[in-house]
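Scroll down for the structure; my scribbles are underneath it.
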Amino acid sequence: MYDIPTLQGATVDSKEIKFKCRDCQVYYGDNHAIKDVSCDLQDKTVTAFIGPSGCGKSTFLRCLNRMNDTIDVARVTGDFMLDGENIYDKKVDPVQLRAKVGMVFQKPNPFPKSIYDNVAYGPRIHGLAKNKAELDEIVEKALRRGAIWDEVKDRLDSSGTGLSGGQQQRLCIARAVATEPEVLLMDEPCSALDPIATAQVEELIDELRENYSVVIVTHSMQQAARVSQKTAFFHLGNLVEFGDTGQIFTNPSDPRTESYITGRIG
Amino acid sequence: MSQAGERPHIVSSYDRELESIQTHIMKMGGLVEAAITDAAQALVDRDVERAEAVRSADKAIDALEELITEETSKLMALRSPAGVDLRMILSVMRISGNLERIGDYAKNIAKRSIVLADEPDVNESAAALRRMAREVELMLKDALDSYIQRDEELAEVVIARDREVDQMYNAVFREFLTYMMEDPRNITHCMHLHFIAKNYERMGDHVTAIAEQVVYLTSGQRPDNDRPKADMTSEIKLEE
Ligand SMILES: Nc1ncnc2c1ncn2[C@@H]1O[C@H](COP(=O)(O)OP(=O)(O)O)[C@@H](O)[C@H]1O
Ligand SMILES: [Mg+2]
């Protein structure tokens with residue numbers, strides 16, 4: 001008998017767990033938006049959150065870098081262990097946390113400043129560079145990681161808002177990676193982009209996977225299927241199914257997942 | 001296994017396209033069943049006209065396969081099917097391929113029966129072949145039923161039955177070998193009869209493959225057990 005390598009052979013499952021989430025609840029006032037969610041998010045893996053609008057994808061994503069702290073009515077409970085440390089612990093500084101767990105939003109939101117300053121902002125406030133030369137180095141590295149260096153290296157002083165939508169989004173990704181995060185959260189990062197810009201960002205996400213744990217919320221199931229190795233399906237605040245992306249899209253085990261991915265009336 | 005496959009799609013034209021492909025498969029299945037019956041009957045009755053009809057009916061089977069390939073590839077490109085839809089499309093492509101091959105074997109049997117119409121009978125051989133035809137035909141009918149009803153259990157029964165066809169083939173193989181050794185004048189028609197038996201044996205394999213698709217479609221799993229293989233003729237030697 002020959003040993004035939006299987007498609008599952010890529011040993012995604014041996015990856016370290018970056019985030020261990022247990023019994024998580026989120027309330028907005030009386031609205032129970034996340035119900036008893038537990039999951040493990042792996043390092044060096046792209047995890048996609050999918051599900052119908054309002055099912056809680058963004059809410060859960062925002063728990064991972066305490067962005068819900070900024071929403072008055074929001075109340076979060078449960079364990080969110082990042083490398084074994086609960087990020088909701090009193091001794092954790094949310095600003096430091098957000099450098100470690102970066103976020104990219106739906107609408108590209110560069111600061112109305114130069115391309116250079118957009119990227120240098122984070123490293124400056126976190127004191128990551130001792131001098132101008134070091135800062136230059138950090139900025140270049142981040143712009144390269146954001147796959148936009150070649151397009152902007154000759155105009156670092158021009159405004160970030162003058163770039164195209166796709167370039168702005170890659171600039172925002174560069175800005176997020178400039179603080180050397182370990183986790184990158186992306187909330188529908190391509191929904192304002194055309195197909196070419198979307199493909200470029202997807203290619204970038206695939207490259208980022210080498211160094212980071214990436215979590216992406218997307219309303220495009222094709223996108224989830226294309227970019228992720230793990231997929232989580234949310235429905236009415238519940239995490240219904242979480243598994244290998246290939247399995248979720250060919251042979252989901254829950255009928256609610258099946259209805260959603262096949263476009264059926266659920 | 002989820003039951004989502006029974007719910008309609010939000011986009012109803014998607015359902016209509018899937019139904020259209022299903023209809024083609026069933027039509028193809030019906031034509032192939034008829035081809036098996038007619039080819040077997042033509043052989044028994046030495047009915048050249050009927051044999052010719054089987055040969056020309058094969059064109060319709062081929063055309064349906066092409067139509068199915070065209071519609072499935074279009075659906076793949078335009079709808080990006082997932083989950084149970086993806087599994088259905090993948091099975092349909094394979095099943096239509098299997099049906100097309102079975103049709104070819106029936107056509108080949110019909111061709112040989114035209115030659116054999118002028119040859120003498122060899123003992124009970126026609127009856128043995130008739131039994132093989134009957135078994136394969138019933139297996140195909142059950143395989144197609146299991147597909148329509150998404151009946152995994154019935155599909156498993158079909159898979160297990162392939163063994164019987166293999167054993168029938170072993171038996172007639174030995175029989176023909178004996179006749180040919182007894183009298184070299186038997187060689188021409190025994191060779192044709194042997195190829196006919198071999199065609200039935202191959203049909204059984206393709207029917208089994210169809211049943212395996214049903215298992216995949218309903219469970220999402222490939223049948224894990226090795227297929228029962230009872231065709232021993234590849235190891236038979238003339239001298240004992
Ligand atoms: N800032 C907020 N204040 C109050 N309720 C909110 C807020 N954000 C989201 N919600 C509610 O929480 C639920 C989940 O929303 P959300 O996480 O945005 O879903 P998704 O990202 O899956 O579309 C919805 O019922 C929504 O109305
Ligand atoms: Mg959202």
Side-chain angles (χ1 to χ4, degrees), chain A residues 1-9 48-55 190 195 198-199 202 218-236 238-266, chain B residues 1-22 71-95 147 150 152 155 209 212-229:
Chain A
M1 281 300 279
Y2 295 100
D3 248 349
I4 299 167
T6 60
L7 283 176
Q8 263 75 43
F49 290 176
I50 62 169
S53 265
C55 66
C190 299
T198 296
E202 286 179 4
T218 172
H219 61 241
S220 158
M221 282 177 283
Q222 310 316 333
Q223 180 167 67
R226 285 192 301 262
V227 304
S228 72
Q229 291 76 50
K230 295 277 176 182
T231 296
F233 172 65
F234 286 85
H235 184 69
L236 300 173
N238 298 299
L239 176 56
V240 168
E241 192 165 350
F242 186 26
D244 288 336
T245 298
Q247 176 252 316
I248 298 278
F249 284 92
T250 55
N251 193 19
S253 51
D254 193 286
R256 289 167 290 180
T257 318
E258 181 105 57
S259 284
Y260 183 71
I261 60 150
T262 60
R264 282 185 163 77
I265 296 162
Chain B
M1 178 55 205
S2 66
Q3 294 303 303
E6 286 155 25
R7 295 198 199 100
H9 287 90
I10 298 164
V11 179
S12 59
S13 57
Y14 191 173
D15 282 332
R16 288 196 295 278
E17 287 169 22
L18 288 169
E19 266 161 37
S20 157
I21 293 170
Q22 293 280 33
E71 289 191 9
T72 47
S73 35
K74 203 160 110 194
L75 192 136
M76 294 266 250
L78 303 182
R79 305 262 185 211
S80 306
V84 66
D85 298 328
L86 177 67
R87 297 203 304 280
M88 187 211 133
I89 290 299
L90 292 174
S91 344
V92 156
M93 290 173 99
R94 290 194 163 196
I95 290 174
Y147 174 71
R150 304 288 190 260
E152 193 183 338
E212 285 174 347
Q213 286 307 308
V214 177
V215 175
Y216 169 64
L217 182 57
T218 51
S219 69
Q221 310 293 320
R222 301 277 168 200
D224 50 0
N225 52 324
D226 285 330
R227 268 199 219 176
K229 270 268 156 256

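In what follows, every chain begins at residue 1, and chains take the letters A, B, ... in the order their sequences are listed. Just so you know, these numbers come straight off a predicted model, no measurement behind them.
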How close do T262(A) and Y14(B) get, heavy atom to heavy atom, and via which atoms? O-CE1, 4.1 Å
Could you give the side-chain donor-acceptor pairs of residues 72-83 of chain B under 3.5 Å, partners two or more places apart or in another chain?
from	atom 1	to	atom 2	distance (Å)
T72(B)	OG1	I68(B)	O	2.7
T72(B)	OG1	T69(B)	O	3.0
S73(B)	OG	T69(B)	O	2.6
S73(B)	OG	E70(B)	O	3.2
R79(B)	NE	E17(B)	OE1	3.1
R79(B)	NH2	S13(B)	OG	3.0
R79(B)	NH2	E17(B)	OE2	2.7

Heavy-atom distance under 4.5 Å to chain A: side chain of L86(B), backbone, both or neither? side chain
Can you tell me how far apart OG1 (T250(A)) and CG (D85(B)) are? Round to the nearest 0.5 Å. 12.5 Å
List the atom of H9(B), the atom of I265(A), and the distance in Å for their closest heavy-atom pair. O-CD1, 3.9 Å
Any donor and acceptor pair, going by atom type alone, linking the side chain of R7(B) with main-chain N or O of R264(A) inside 3.5 Å? no
